[in-house]
Participant: 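After the structure tokens below, expect a handful of questions from me.
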Amino acid sequence: MWRWNSKFLHLFRRYKTAESSKATPFLICSLVSSNYLLFSAAPIHPDMVRFNVTTKHTAPIDGQKPGTSGLRKKVKVFIQPNYLENFVQSTFNALTAEKVRGATLVVSGDGRYYSKDAIQIIIKMAAANGVRRIWVGQNGLLSTPAVSAVIRERAGVDGSRASGAFILTASHNPGGPHEDFGIKYNMENGGPAPEGITDKIYENTKSIKEYLIAEDLPNVDISAIGVSNFCGPEGQFDVEVFDSASDYVKLMKSIFDFESIRKLLSSPKFSFCYDALHGVAGAYAKRIFMEELGAQESSLLNCVPKEDFGGGHPDPNLTYAKELVARMGLGKSSSGQEPPEFGAAADGDADRNMVLGKRFFVTPSDSVAIIAANAVEAIPYFSAGLKGVARSMPTSAALDVVAKNLNLKFFEVPTGWKFFGNLMDAGMCSVCGEESFGTGSDHIREKDGIWAVLAWLSILAYKNKGNLDGGKLVTVEDIVRQHWATYGRHYYTRYDYENVDAGAAKELMANLVKLQSSLDEVNGIVKGIRSDVSKVVHGDEFEYKDPVDGSISKHQGIRYLFEDGSRLVFRLSGTGSEGATIRLYIEQYEKDPSKTGRDSQEALAPLVEVALKLSKMQEFTGRSAPTVIT
């Protein structure tokens, strides 16, 4: 039996008074809770309409298992009837009730093709599932690191905070009607959903029978900043469109000394170039580099976000960031112009970065080690010291050497930023990175491309604080070579074989595991290929036990470790949308300062030959060369 509470009676009297006096009427929305009928009242706005909830019947669709960074498929797959809806409902069903009903969620992404349609679908499904409000970045744009920042930092006018987010991105994969789309869910800490949640999502997709949607909820204009109010069976539902950059810019200004970076960028000795590859980073580059730091507009390349990334591949590496590579003097042909002192690029959702000096490439593995080695002196956020550092297993051991020298806690984790997030939430890690152009810190729970660029600019500003008015500029190359002289150099390369037949890729990996049962046999094969390569002393499949929650992650990559510290690592990537991607990582450590200046490919040639022949790469895949060499 329902009881009328005093709040309702008060609101009902106000409603009747408004009716009789012809004043602005009030809309009454009911919510059933704890055997009470609770009511709220709000002025009716011309755009405020009531919606109904529809239960739609559906059936499981194969292949909706999230990878390391969510679910990624071709657009043609996502636009199939019920494909997106099944995954979104399966996600809602995997979350606890308090994370959905009455919650505030963020829905935005990198702006790739199909994002705008997907946002409207998710808004309608969120309303039907009892979500209280949705926050959307203007035009549906929020970088992945900005989403993390919004979850962790933003408060609504009523004090509301987001408890999670649907991020619409396929990261560094191409966009367009015939290319890739993706979706992933981030939790209340701002980081990707842990395996416990993604496993539940996948199990739900295999048994789903229905989903909820507010079909009559009108589409929200996500191009205009403002709040749209609606009312449904469970009460009021709001959609707020807000400025995409403000929260993120505020956070960056709290971490870095913008004034010192501004002085560096204003120096006639220093020149700068940033390429957003037509990804969402463009929405932040102008605000940060031009408006806040005074960079010239001519220093920004491809900073207008586009649904198809301008027809390019938004992956910040030497293969795909061709325009930046050429401008930095690293292209095959010379333009005749003097390259800038510093260059950087971002991927589609702005969580990855590539750092370049004049005619000089900085490997991601070196980059995170150099940031860690200089963070306390150069970046105010870290002035009290680093809690610890971490890297993904395939990343070179350059960070390990820094941690040992600086007496820092060190962790080696599987590929996937969620593993760093656990360490950060436990206060065990400050700076972390991946060889796949991902670098970040505990300011958020995602890798952060623009943060990494600002970190490098901070180090350059610190190293040159007495040189801008006179003296020789300390360059990117100077900083890297000095680091090698201090800590040694980890020669490193990665070979990517993309869209390989999945069956062939699995056979190759299984053969590598089988070989590890006899290291004597492996060493016989190695010596038969190259007699100048060191002895293999260990082989395994990397397994990680999380020091925070005790969870165990198995089959995280196949490793061959050599007596001289060299490594071969083979791993199947989970970031592609079709087929399989085999990643081969090759590393050799050199601590003799007289030998750290060799060409990387020349130094690694013997190990490369061993890796290709030991794995029978061409025999299994039919590929005579990798798709990308980094």
Side-chain angles (χ1 to χ4, degrees), residues 65-70 184 186-187 189-202 351 364-365 368-369 372 386-404 408-442 445-447 490 492 494 506 509-510 512-513 516 537-562 565-575 580-587:
K65 182 177 176 62
T68 54
S69 297
K184 71 171 185 171
N186 276 32
M187 305 298 286
N189 72 339
E195 287 183 327
I197 297 295
T198 56
D199 287 347
K200 284 183 182 178
I201 294 171
Y202 180 48
D351 63 347
S365 297
V368 65
L386 300 180
K387 302 166 188 172
V389 295
R391 64 166 174 85
S392 65
M393 182 274 287
T395 303
S396 92
L399 186 61
D400 312 34
V401 180
V402 171
K404 184 177 180 180
L408 296 171
K409 290 180 183 177
F410 168 78
F411 303 92
E412 181 182 29
V413 307
T415 298
W417 210 259
K418 56 195 171 189
F419 298 104
F420 295 129
N422 266 11
L423 297 172
M424 291 174 179
D425 285 345
M428 299 164 71
C429 177
S430 295
V431 173
C432 53
E434 300 176 330
E435 49 70 37
S436 53
F437 295 90
T439 324
S441 87
D442 60 353
R445 296 297 180 266
E446 290 278 5
K447 48 185 172 275
H490 292 258
Y492 186 87
R494 186 181 97 187
K506 289 178 181 177
M509 298 295 280
L512 285 167
V513 172
Q516 292 180 339
V537 293
H538 184 74
D540 66 6
E541 278 194 272
F542 181 61
E543 182 175 298
Y544 176 70
K545 183 176 181 180
D546 194 303
V548 179
D549 61 20
S551 61
I552 297 174
S553 300
K554 299 182 178 181
H555 309 298
Q556 296 296 316
I558 298 167
R559 303 190 297 178
Y560 285 84
L561 310 181
F562 293 75
S566 299
R567 292 193 311 162
L568 296 180
V569 176
F570 300 83
R571 193 177 70 86
L572 292 181
S573 172
T575 60
T581 295
I582 300 172
R583 299 201 198 280
L584 163 60
Y585 311 85
I586 302 159
E587 174 183 0

Participant: Can you see which heavy atom on G440 is nearest to which on W417, and at what distance?
Facilitator: N-CH2, 3.7 Å
Participant: Can N189 and M424 be said to form a side chain to side chain contact (heavy atoms under 4.5 Å, CB included), step by step?
Facilitator: CA-CA 10 Å; N189 72 339; M424 291 174 179; over 6 Å; no
Participant: If you define the side chain from C-beta out and look only at heavy atoms, does anything of L408 sit under 4.5 Å from F410?
Facilitator: no
Participant: Say you draw a straight line from CG of L386 to CG of D442; how long is it, rounded to the nearest 0.5 Å?
Facilitator: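 The distance works out to 9.0 Å.
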Participant: Does R571 pair with E434 as a salt bridge, N-O distance under 4.0 Å?
Facilitator: no
Participant: Side chains of H490 and S365, heavy atoms from C-beta outward: is any pair under 4.5 Å?
Facilitator: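 They are not in contact (no side-chain heavy atoms under 4.5 Å apart), so the answer is no.
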Participant: So do K387 and L423 actually touch side chain to side chain, heavy atoms under 4.5 Å?
Facilitator: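 SC-SC contact between L423 and K387 ruled out.
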Participant: What distance separates F411 CZ from S392 OG, expressed to the nearest 0.5 Å?
Facilitator: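 So the CZ of F411 and the OG of S392 are separated by 15.0 Å.
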Participant: May I ask you to decide if the ring planes of Y585 and Y492 are parallel, tilted or perpendicular, using 30° and 60° as cut-offs?
Facilitator: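 Ring orientation, 0 to 90° scale: tilted.
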Participant: Mind listing the closest non-hydrogen atom pair of L399 and A372 along with its distance?
Facilitator: CD1-CB, 3.7 Å
Participant: Roughly how far, to the nearest 0.5 Å, is OG of S553 from NZ of K418?
Facilitator: 7.5 Å
Participant: I'd like to check P66 versus K184 (side-chain heavy atoms, cut-off strictly below 4.5 Å). Are they in contact?
Facilitator: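 A side-chain contact under 4.5 Å is absent here.
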Participant: Below 4.0 angstrom, N of the basic side chain to O of the carboxylate: do R583 and E435 qualify?
Facilitator: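 E435 and R583: not salt-bridged.
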Participant: Could you check whether any side-chain heavy atom of I582 comes within less than 4.5 Å of a side-chain heavy atom of L572, counting everything from C-beta outward?
Facilitator: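 A side-chain contact exists here, since the closest heavy-atom pair is under 4.5 Å.
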Participant: Under 4.0 Å between a side-chain nitrogen and a carboxylate oxygen: does that hold for E587 and R391?
Facilitator: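 Between R391 and E587 there is no salt bridge, as every charged N stays at least 4.0 Å from the carboxylate O atoms.
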Participant: Distance check, rounded to the nearest 0.5 Å: Y544 atom OH versus S551 atom OG?
Facilitator: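 Nearest 0.5 Å value for the OH-OG distance: 7.5 Å.
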Participant: How close do C429 and V431 get, heavy atom to heavy atom, and via which atoms?
Facilitator: SG-O, 3.5 Å
Participant: Let me see the working for L584 and V569 under side chain to side chain contact (heavy atoms under 4.5 Å, CB included), right down to the final yes or no.
Facilitator: CA-CA 6 Å; L584 163 60; V569 176; over 6 Å; no
Participant: State the CG-CD distance between L512 and Q516, to the nearest 0.5 angstrom.
Facilitator: 7.5 Å
Participant: Going by the salt bridge (Lys or Arg N to Asp or Glu O under 4.0 Å) test, name the single residue among E412, E543, E541 that passes it with R559.
Facilitator: E412
Participant: Tell me, do M393 and R567 make a side-chain contact under 4.5 Å, heavy atoms counted?
Facilitator: yes
Participant: For residues P414 and Q556, report the shortest heavy-atom separation together with the two atoms involved.
Facilitator: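 Closest approach of P414 to Q556: CB-OE1, 3.2 Å.
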Participant: Evaluate side chain to side chain contact (heavy atoms under 4.5 Å, CB included) for I586 paired with R494, printing each intermediate quantity in order.
Facilitator: CA-CA 6 Å; I586 302 159; R494 186 181 97 187; over 6 Å; no
Participant: What are the two closest non-hydrogen atoms of V548 and N422, and how far apart are they?
Facilitator: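 Here V548 and N422 meet closest at CG2-O, 3.6 Å.
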Participant: Rounded at 0.5 Å granularity, tell me how far CZ in F542 sits from OG1 in T415.
Facilitator: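 The OG1 atom of T415 is 9.0 Å from CZ of F542, to the nearest 0.5 Å.
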